[in-house]
Every structure is written in structure tokens, then in C-alpha cells.
Number of protein chains: 2
Amino acid sequence: MKKKILISDIARDLGVSVTTVSFILNGKAKEKRISEGLTKRVLDYVQKVGYKPNELAKSLRTGKTKIIGLIIEDISNPFFANIARLIEAKAYSKGYRIIYCSTDNQPEKTIELIQLFRDRHVDGYIITPSEGVKDTIQSLVSSQLPVVLFDRYIPGLNTSYVVSDNIKGAYDATAHLAQQGYKRIALVTLYSSQTQMRDRMDGYMRAIDTYKLQPYVKKVNMGDDEETTISSFSAFLADQEPDAVFFATNYLAIIGLKALKQHRVSMPAVASYDDHTLFKLFTPTITAVSQPIEGIADELINTLLNQLDGNAKENRQVVLPSTLIIRESSRARTSSTGN
Amino acid sequence: MKKKILISDIARDLGVSVTTVSFILNGKAKEKRISEGLTKRVLDYVQKVGYKPNELAKSLRTGKTKIIGLIIEDISNPFFANIARLIEAKAYSKGYRIIYCSTDNQPEKTIELIQLFRDRHVDGYIITPSEGVKDTIQSLVSSQLPVVLFDRYIPGLNTSYVVSDNIKGAYDATAHLAQQGYKRIALVTLYSSQTQMRDRMDGYMRAIDTYKLQPYVKKVNMGDDEETTISSFSAFLADQEPDAVFFATNYLAIIGLKALKQHRVSMPAVASYDDHTLFKLFTPTITAVSQPIEGIADELINTLLNQLDGNAKENRQVVLPSTLIIRESSRARTSSTGN
DNA sequence: CTGAAAGCGCTAACAT
DNA sequence: ATGTTAGCGCTTTCAG
């Protein structure tokens with residue numbers, strides 16, 4: 001149907017040189033002082049025949065693809081999905097396209113994806129680094145490629161990043177539970193030394209210190225199947241009998257809620273880092289630390305575009321505040337429940 | 001850090017021609033009868049210096065990118081997100097990469113994305129078509145590009161597609177509600193003439209016919225903000241007083257549940273097309289028609305790979321069965337509720 | 001078995 | 001102001 005039409009075709013048809021057409025097409029008509037008339041004639045003709053330059057050839061020639069690679073932990077987590085959507089929209093308006101992939105937080109997959117994006121010559125990278133990818137990211141940075149990390153960063157690696165204030169967010173949630181009268185406040189987190197997890201633990205511990213409580217920490221394995229995690233968590237509940245539980249991520253909270261629902265133990269107070277649609281609909285509604293999604297997306301794309309434009313003197317390291325959203329699940333502890 | 005190394009570099013270093021290296025790299029050593037020894041020597045060297053061919057140049061030359069474009073309605077909907085993940089994994093194992101984007105079901109965005117992918121010369125397309133993109137898809141097909149639609153298809157356009165049995169799924173859910181003793185069973189759906197919506201309506205109506213009930217249909221606008229939809233739905237509930245509601249999609253159900261939760265009307269029985277994590281956690285748990293996600297992903301990728309390999313005599317149009325998952329929200333109607 | 005060379009479609013010095 | 005032309009890095013025909 002559509003015969004592929006080339007820049008040389010349109011040059012020939014119009015009796016001008018390809019250079020002229022190329023200049024006009026790339027908005028250099030003014031700069032190269034090409035006549036208004038000709039410019040318009042070319043543009044109109046291009047429009048008419050529906051000429052589209054071969055982006056592959058263009059990229060090969062210029063070394064630019066106008067593509068940003070977005071490598072995130074899990075596209076099916078609403079937190080990441082929403083950030084992805086926002087970034088996509090913002091990048092789009094700046095003439096960049098996004099291609100994204102999920103890592104499932106697996107180092108091998110992350111490394112492979114970064115390699116894939118390198119092969120495809122993406123212009124810049126936005127990454128939620130999993131553990132064990134320090135070298136790979138390092139090599140990106142050393143190759144002068146624009147990179148900005150988010151949700152977590154890599155200690156000892158000087159890159160740009162955008163994260164939320166995990167310490168304060170976790171502190172606020174824990175302190176809130178303490179203020180509501182809960183005494184045995186547990187933290188449910190992952191076996192993970194990633195910065196966001198470490199910081200949430202830190203925030204939790206600081207609040208525990210402030211209120212002179214005892215810590216109860218349950219760690220679970222990211223990779224385990226849901227059944228295993230549920231029963232392990234249930235065992236923890238039975239064993240430690242916390243009267244409040246703070247989940248370090250929304251997917252941990254969801255698994256926890258499943259466990260609570262299944263095992264019909266008496267419901268402790270609950271709070272979670274990261275918000276989720278479910279939290280507004282669960283009975284009771286769930287208190288959560290909400291990250292500033294829009295702000296994170298803004299900072300990410302601005303930081304990256306800055307680097308892409310070459311205006312990046314230094315790396316930007318942004319920490320944005322989270323907000324505690326208080327819902328039913330952290331209602332003040334009733335005396336009847338206590339002793 | 002990494003000096004970009006070219007095929008000519010490795011040819012020079014090894015004292016052979018680029019042709020030889022290229023042949024070896026592309027697995028044509030045997031075919032071209034290049035000595036085992038040389039083949040190994042080249043491969044080892046390539047390995048050692050970490051040579052990576054420039055995929056851009058390769059694509060420009062061969063006209064193949066080994067990339068599949070995945071254009072879906074909404075990556076933040078778990079149904080689509082999960083399918084995307086499965087497709088990604090399967091494509092990956094066949095040497096294809098996936099790049100995906102969301103359309104928000106907007107025709108303009110869909111058309112733009114298809115154009116973008118065309119510009120990037122993706123080898124094949126998997127698309128959830130929004131309304132009003134018939135011509136664009138047509139032009140893809142006419143240009144002999146491998147395309148397979150899913151979740152819905154475009155009537156009057158002969159393409160491959162993979163959908164679930166929407167009529168039967170909706171029929172089953174509605175019939176189930178009827179069998180449980182509900183009399184005023186409402187359907188909540190979108191203003192949309194897309195095939196999946198039309199078919200779900202159809203299935204609902206057939207069940208209504210079978211059980212000699214009256215239909216109650218509420219249509220809402222996809223584009224409206226949540227508030228508007230909630231109040232419009234609440235008005236419908238107050239006005240029509242259905243004793244059971246069947247939602248045509250999971251996001252409609254979620255909005256509906258929010259409305260029910262907010263307005264504290266007496267809870268009707270509820271069922272939804274498409275499952276969702278939330279449905280297992282809501283109180284009551286929500287009955288849902290679950291689509292065979294794995295099966296859909298399998299069929300999609302197989303159909304597309306078939307076309308990519310050129311073994312596609314004809315278009316494949318696959319309809320997969322859905323499964324009704326009965327949960328608490330459709331418990332038999334109690335006499336106390338009735339009259 | 002291996003090498004020379006012609007492009008894939010485009011951009012941008014360089015020349016005019 | 002516009003045309004000529006040399007590549008970007010790779011694959012692949014055609015000759016040895």
C-alpha cells in the first residue's frame with residue numbers, strides 16, 4: 001500500500017537538494033537562511049505525500065534516539081505504574097519517548113535490561129536499582145550516560161536520584177500508631193538492604209526509641225510465593241501478638257491483609273508505606289504513607305532532561321516528603337482491647 | 001571508559017575480513033564453511049573485548065528490529081499489566097523484546113503510538129484497539145505488518161485477535177445472580193461500542209431473557225472523573241434499587257464499590273467481569289468472571305510469532321473461555337432482604 | 001573459505 | 001541560499 005518514500009524522493013520531486021530538505025525538516029531553515037517560500041513548499045509537499053523520516057537511519061547518523069529507558073521494579077504495582085504514566089506524559093511533551101520494562105527486583109534481569117537499552121542506544125535512563133547492580137550502573141555513569149535512580153539509590157555511587165523521605169514517613173506512621181495507644185507495634189519488611197527498606201526500618205526504630213517501646217520485626221522473602229509468606233506472617237502474629245503492624249510496602253500490606261482475613265485473628269491496627277486503591281476500600285480503610293507521585297515524576301524527568309541537555313554540572317539528589325494519610329485502621333486503641 | 005569497538009576493529013585485530021566476522025557472529029559459520037578454529041578464535045576474541053554490535057546499524061541494514069510493540073489500554077490495570085508481563089517473558093525467550101505504551105483508550109493516543117512504533121520499525125504489533133482506530137489498524141494490515149488485537153477486535157476488519165468469551169462470561173455471571181434469587185439485576189457498563197462491551201451486554205441480556213427478568217442498565221462515561229461517576233452511579237442505585245449489580249469491568253466495579261462504601265446504601269449482590277486482587281480482600285469478597293490471562297498471553301505471542309516467521313496463511317481468531325469465581329458478594333438472597 | 005564494496009536512509013561538513 | 005558527498009556500523013552479494 002504505502003510505498004516507502006525517502007528524503008531523496010521528495011528532493012527530486014521538488015527539484016531541490018536533499019540537504020535543503022533535511023535542513024528544513026530539522027527546523028534549520030531560518031538558521032541556514034532558506035527562503036520562506038521554499039520552506040513552505042517543502043513542508044507542504046512532505047505533508048501531502050506523508051513522508052516520515054526513517055528514525056533508525058536518523059539515530060544511526062546522529063547518535064540520538066530521543067528515547068528514555070525506564071527500568072522499574074514492577075509495572076503492576078500501582079505506585080510504579082502511576083509514576084511511569086506521569087513520566088511518559090511529561091517526556092512526551094519534550095519530544096522524548098519512553099520504553100519501559102520490569103525487573104521484578106532481580107539483579108540479572110536488571111542488568112540484562114540495561115544492556116538491552118544500551119544496545120538500543122537510549123539517550124537516558126531512569127532506574128529503580130535492585131541490589132547487586134552497582135557495577136552495571138557505575139559503568140553507565142562512567143560512560144557519561146544520563147542516569148537518574150529513584151525509589152532508592154546505591155550507597156557509594158554518585159548519581160542523581162529522587163526518593164521520598166522514607167525515614168520520616170516510617171517515623172510518622174509508627175509515631176502515629178504509638179500516639180494512638182498501641183504498645184506492641186510490629187514492622188513487617190523484606191530481607192533487603194536497599195536504601196528505601198533500610199530507611200523505613202530506621203524511621204520505625206527512631207519512633208520506637210522516642211516512645212520507649214519494644215521493636216517487633218518480621219522479615220519476609222521477596223521471592224517466596226504468597227502462601228509461604230502468608231503462613232510465615234500468620235505465625236509471627238500468633239507468636240508475637242502485636243497490637244499494631246506497620247508494613248514497609250503496599251504489597252506486603254496486601255499480603256498481610258490477606259493473612260489477617262484468612263486467619264481471622266483479631267485485627268491489629270494497621271498502617272502501610274505507599275498508598276493503594278485497596279486501602280480506601282478495605283474494611284477498615286487502611287492508614288498509609290503516601291508518596292508524592294507527581295512530585296517524584298516531575299523531579300525525575302526534569303533531572304534527566306537537564307542531563308540530556310548537557311546542563312548537568314552536578315548530580316541532583318532529591319528527597320521528597322511523604323504524607324501520612326490517617327484512616328480507620330489506626331483508630332485509637334480502645335481500653336476494652338487493652339489491659 | 002568503554003571505547004566503542006566496531007566489527008572492523010575486531011576484523012583488523014584478528015587479521016580477517018569483516019565479512020568473516022559478520023558471518024560468524026550471525027551463526028552462518030557452518031553454512032559459509034568457515035573453519036572451526038577460526039570461528040572459535042573470533043568468538044573468543046569478541047567475548048574477550050566485549051564487542052556488541054550496534055543494533056541500530058543492524059536494524060537499518062536488515063530492516064528487522066526484533067522488537068514487538070505492545071499497545072494496551074491501561075498498564076495500571078492489573079489485567080493488562082499481567083498480560084504484559086507474561087507476553088514480555090514469552091517474547092523474550094524467543095529473542096524478541098517488548099516495548100509498551102498505554103492508550104487510555106483514546107483514539108488519538110492510540111494512533112500516535114502506532115505511528116511511533118512504525119517510525120521505530122517494530123517488527124510486530126499487539127494492540128487493544130480503542131474506538132476510532134479502524135483506519136490506522138487497516139493501514140498496518142495493508143502494509144503487511146504482523147498485527148494481533150486482543151481484549152476486543154474491530155468488526156469488519158480481518159485481523160488476528162485473541163479475546164475471551166465475553167458473552168458467555170457475562171451470561172454466566174448474570175445467570176448465577178438470577179439463580180441466587182436476585183430479581184432486579186443491573187448491568188453497569190460504559191458508553192462504548194467496543195466488542196467486549198457489546199458482548200458483555202449481550203450476555204447479560206441473554207441471561208435476563210432466560211430468567212424472564214427485567215433489565216436495568218446504567219452506562220457511565222469512561223472519561224468522567226471518579227467523583228462524577230460515583231454520584232451518577234449512586235443516583236442510579238437510589239432510583240432503580242437493584243438487588244444485584246453486575247459490573248462490566250473491574251475498574252467500574254471498583255468505582256462502584258467506592259460508591260457503595262461511601263453512601264452506605266444497603267449492599268446489593270455484586271459481580272464483576274475481570275478479577276482483581278481487591279476482590280479477594282473486600283468485605284464481602286467479590287464474585288468475578290476471571291479471564292484466562294496465561295492462555296491469552298500464550299495465544300497472543302504464538303499468533304504473532306507465527307506471523308513474524310511468515311507461517312501465517314490466515315488470520316487466527318481465538319476466543320478463550322472465562323471462569324466464574326463465586327465469592328461472598330453473590331450469596332443467595334436471604335428472605336429477610338426480600339419481600 | 002575469504003575479501004571488496006555496495007548500500008540501508010539520513011545528516012552535516014564543505015563547497016559553491 | 002543550495003548542492004555534493006562522506007560517512008554512521010552493519011550485512012550480504014559477488015568475486016576470487
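Keep in mind that what you see is a predicted model, and the values were worked out from it rather than measured. The figures here come from the full heavy-atom set of this structure, side chains too, leaving out hydrogens, waters and symmetry mates. Just so we're on the same page: letters track the sequence lines, and every chain starts at 1.
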Query raised in the report: Which of residues 10-26 of chain A sit near DNA chain D, with a heavy atom under 4.0 Å from it?
Result: A/Gly15, A/Val16, A/Ser17, A/Val18, A/Thr19, A/Thr20
Query raised in the report: Reckon B/Leu6 touches a base, only the sugar-phosphate, or nothing at all at heavy-atom distances under 4.0 Å?
Result: sugar-phosphate
Report summary line: Atom CD of B/Glu31 and atom P of C/dC1 are separated, to the nearest Å, by 14 Å
Query - Under 3.5 Å donor-acceptor pair, A/Arg61 side-chain atoms to C/dG9 base atoms - result: no
Query raised in the report: Is the distance from OP1 or OP2 of D/dT11 to the nearest side-chain N or O of B/Lys28 less than 4.0 Å?
Result: no
Query - Any donor-acceptor N/O pair, A/Arg97 side chain to A/Lys66 backbone, under 3.5 Å - result: no
Requested in this report: Return the residues of residues 36-58 of chain A meeting this criterion: a heavy atom under 4.0 Å from some atom of DNA chain D. Order them by number, or give none.
Outcome: A/Leu38
Query raised in the report: Listed by chain and number, what are the side chain to side chain donor-acceptor pair (under 3.5 Å) partners of B/Ser193, not counting sequence neighbours?
Result: B/Glu131
Query raised in the report: Side-chain contact, heavy-atom cut-off 4.5 Å: A/Gln317 with A/Thr303?
Result: no
Query raised in the report: Expressed in angstrom and rounded to an integer, what is the separation of B/His121 atom NE2 from C/dC8 atom P?
Result: 14 Å
Query raised in the report: Just checking A/Ser8: base, sugar-phosphate only, or nothing, at a heavy-atom cut-off of under 4.0 Å?
Result: nothing
Requested in this report: Looking at every strand, decide which applies to A/Ser35 at a 4.0 Å heavy-atom threshold: base, sugar-phosphate, or nothing.
Outcome: sugar-phosphate
Requested in this report: Quick one: list whatever passes ring pair (Phe, Tyr, Trp, His ring centres under 6.0 Å) with B/Tyr161, sequence neighbours left out.
Outcome: B/Tyr153
Report task. Kindly state each residue pair satisfying ring-ring contact (aromatic ring centres under 6.0 Å, His included) with at least one member in residues 63-107 of chain B, sequence neighbours excluded. Result -> A/Tyr100-B/Tyr100
**Report entry** Involving DNA chain D, stems made of at least three consecutive Watson-Crick or G-U pairs, both distances under 3.5 Å
**Finding:** C:1-15 with D:2-16
Requested in this report: Could you state the atom-to-atom distance from CD1 of B/Ile7 to C1' of C/dA5 in whole Å?
Outcome: 15 Å
